[in-house]
Participant: 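Once you've had a glance at the structure underneath, I'll fire off some questions.
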Amino acid sequence: MPDKGDFGSSESHETLPGGERVLIRRARPEDVALYPDFLADVSAEDLRLRFFARVAELSAEESDKLSHLDYRHEMAFIALDEDTGQMLGLVRLKDELDEKTAEFAILVRSRVKGHGLGWLLMQRVIDYAKAKGLRRVYGDVLAENASMLQMCAELGFYAQDMGPDIKRVVLDLETSPASDRQPSGAVTKR
Ligand SMILES: CC(C)(COP(=O)(O)OP(=O)(O)OC[C@H]1O[C@@H](n2cnc3c(N)ncnc32)[C@H](O)[C@@H]1OP(=O)(O)O)[C@@H](O)C(=O)NCCC(=O)NCCS
């Protein structure tokens with residue numbers, strides 16, 4: 001039986017408007033070595049938006065997850081600066097037990113926020129989820145995280161209230177046109 005993780009094995013090369021030449025590929029266990037430098041350059045506020053209240057456990061827990069990915073049930077795509085080798089962003093996807101639904105989480109290096117990388121990583125993970133035959137992907141986002149909620153809306157997600165502070169953004173992959181959308185012109189594919 002083919003390894004479902006194979007769907008995500010291709011690499012893509014992009015140029016962001018800030019000039020960063022970016023490689024996006026499946027995360028590998030050895031990428032864990034890039035994580036401390038990446039996290040050191042992510043603002044405390046962005047860490048809170050990504051991990052909510054659990055920031056203190058973050059480094060060890062995330063490093064462990066990244067180095068023990070079971071590609072049958074989880075996936076992570078990493079964005080690397082092709083000139084410096086620095087990690088610029090990461091999106092993770094983890095299947096639910098039904099194997100039709102998966103939860104995503106994304107984090108972009110603070111200094112390249114707003115350059116289109118989050119959009120590219122989301123498109124990458126959506127395309128992967130579609131190819132894998134998943135029916136929907138979702139993510140939990142703080143209600144105050146307006147830019148993430150807006151980006152998700154533009155990608156075709158709808159939002160559900162999960163209490164006063166959290167919204168769950170959900171994308172139905174059987175009807176979503178998200179992967180056909182083109183970047184707004186700022187990001188070039190090489
Ligand atoms: C949220 C986050 C992932 C977004 O990544 P990013 O690289 O800054 O986002 P992008 O530059 O791709 O997109 C940002 C903006 O461009 C828009 N955009 C980007 N590419 C686009 C495209 N091709 N077409 C249309 N709109 C686009 C987005 O809607 C958004 O709009 P805004 O800046 O006016 O609010 C990033 O800010 C981050 O890591 N935040 C902290 C962690 C977090 O909040 N994670 C979410 C919870 S899991």
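One-based numbering, in listed order, for ligands and for the atoms of each. For the numbers below, each heavy atom of this structure counts, side chains included, while hydrogens, waters and symmetry mates do not.
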Participant: Among R92, E154, E144, whose heavy atom sits nearest atom 26 (N) of ligand 1?
Facilitator: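 Of the listed residues, E154 has the closest heavy atom.
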
Participant: Show the nearest heavy-atom pair for residues L149 and L142, with the distance to one decimal.
Facilitator: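 That closest heavy-atom pairing would be CD1-O, 4.1 Å.
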
Participant: Which of the numbered atoms in ligand 1 are under 4.0 angstrom from any heavy atom belonging to G118?
Facilitator: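 Those of ligand 1 that fall under 4.0 Å from G118 are 5 (O), 6 (P), 7 (O), 9 (O), 12 (O).
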
Participant: For D46, counting its heavy atoms only, list the atoms of ligand 1 lying under 4.0 Å from any of them.
Facilitator: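 That gives atoms 41 (C), 42 (C) of ligand 1.
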
Participant: Hey, is ligand 1 close enough to F104 that some N/O pair sits below 3.5 Å?
Facilitator: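 By distance alone, the answer is no.
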
Participant: So, R48 and E144, do they make that salt bridge, N to O below 4.0 Å?
Facilitator: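 Yes.
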
Participant: Would you tell me which option among M151, H115, Q150 has the nearest heavy-atom contact to atom 4 (C) of ligand 1?
Facilitator: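 Going through M151, H115, Q150 one by one, M151 has the nearest heavy atom to atom 4 (C) of ligand 1.
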
Participant: Hey, does Q123 have a side-chain heavy atom less than 4.5 Å from the side chain of L155?
Facilitator: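 Yes, close enough: below the 4.5 Å cut-off.
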
Participant: Out of L171, D140, I126, L93, which one pairs with F104 under the side chain to side chain contact (heavy atoms under 4.5 Å, CB included) rule?
Facilitator: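 It is L93; the other options fail the test.
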
Participant: Would you call D98 and R135 a salt bridge, taking side-chain N to carboxylate O under 4.0 Å as the test?
Facilitator: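 Here D98 does not pair with R135 in a salt bridge, since their nearest N and O are not under 4.0 Å apart.
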
Participant: Please confirm whether V141 comes within less than 3.5 Å of ligand 1 when only nitrogen or oxygen atoms on both sides are compared.
Facilitator: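 Between V141 and ligand 1, no N or O pair is found under 3.5 Å apart.
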
Participant: Thinking salt bridges, do K132 and D95 make one under a 4.0 Å N-O criterion?
Facilitator: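 Salt bridge flag = yes for D95 with K132.
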
Participant: Which of the numbered atoms in ligand 1 are below 4.0 angstrom from a heavy atom of G114?
Facilitator: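 Reading through ligand 1 atom by atom, the close ones are 6 (P), 7 (O), 8 (O), 11 (O).
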
Participant: Taking distance alone, with N or O pairs closer than 3.5 Å, would you say A105 contacts ligand 1?
Facilitator: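 For ligand 1, there is no N or O atom that lies under 3.5 Å from one belonging to A105.
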
Participant: Quick test of your reading of the model: are R109 and D37 salt-bridged, counting only N-O distances below 4.0 Å?
Facilitator: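 Judged by the 4.0 Å cut-off on N to carboxylate O distance, R109 and D37 do form a salt bridge.
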
Participant: Go through ligand 1 atom by atom and flag the ones less than 4.0 Å from a non-hydrogen atom of S147.
Facilitator: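 By the 4.0 Å cutoff, the relevant atoms are 35 (O).
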
Participant: Hey, is V42 touching ligand 1 through its side chain, its backbone, both or neither, going by heavy atoms under 4.0 Å?
Facilitator: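 The answer is neither.
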
Participant: Heavy-atom contact under 4.0 Å between G139 and ligand 1?
Facilitator: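 Contact absent.
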
Participant: Report yes if some N/O of N145 lies less than 3.5 Å from some N/O of ligand 1; otherwise report no.
Facilitator: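 Yes, N145 has an N/O under 3.5 Å of an N/O on ligand 1.
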
Participant: Tell me if a side-chain donor or acceptor on S110 pairs with a main-chain N or O of S43 at a distance below 3.5 Å.
Facilitator: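 Checked: pair present.
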
Participant: Search all heavy atoms of G133 against all heavy atoms of K100 and return the closest pair with its distance.
Facilitator: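 The answer is O-NZ, 3.7 Å.
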
Participant: I want to check something: taking the side chain as every heavy atom from C-beta on, are L69 and R28 in contact at a cut-off of under 4.5 Å?
Facilitator: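 With C-beta onward as the side chain, the pair stays apart.
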
Participant: Which of these, M148, R109, K113, R48, has its nearest heavy atom closest to atom 36 (C) of ligand 1?
Facilitator: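 Nearest heavy atom to atom 36 (C) of ligand 1 lies in K113.
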
Participant: List ligand 1 atoms under 4.0 Å from L107, heavy atoms only on the residue side.
Facilitator: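 Within the 4.0 Å cut-off of L107, ligand 1 contributes 39 (O), 41 (C), 42 (C).
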
Participant: Look only at interatomic distance and state if R50 has a nitrogen or oxygen under 3.5 Å from any nitrogen or oxygen of ligand 1.
Facilitator: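 No; the residue has no nitrogen or oxygen that sits under 3.5 Å from a nitrogen or oxygen of the ligand.
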
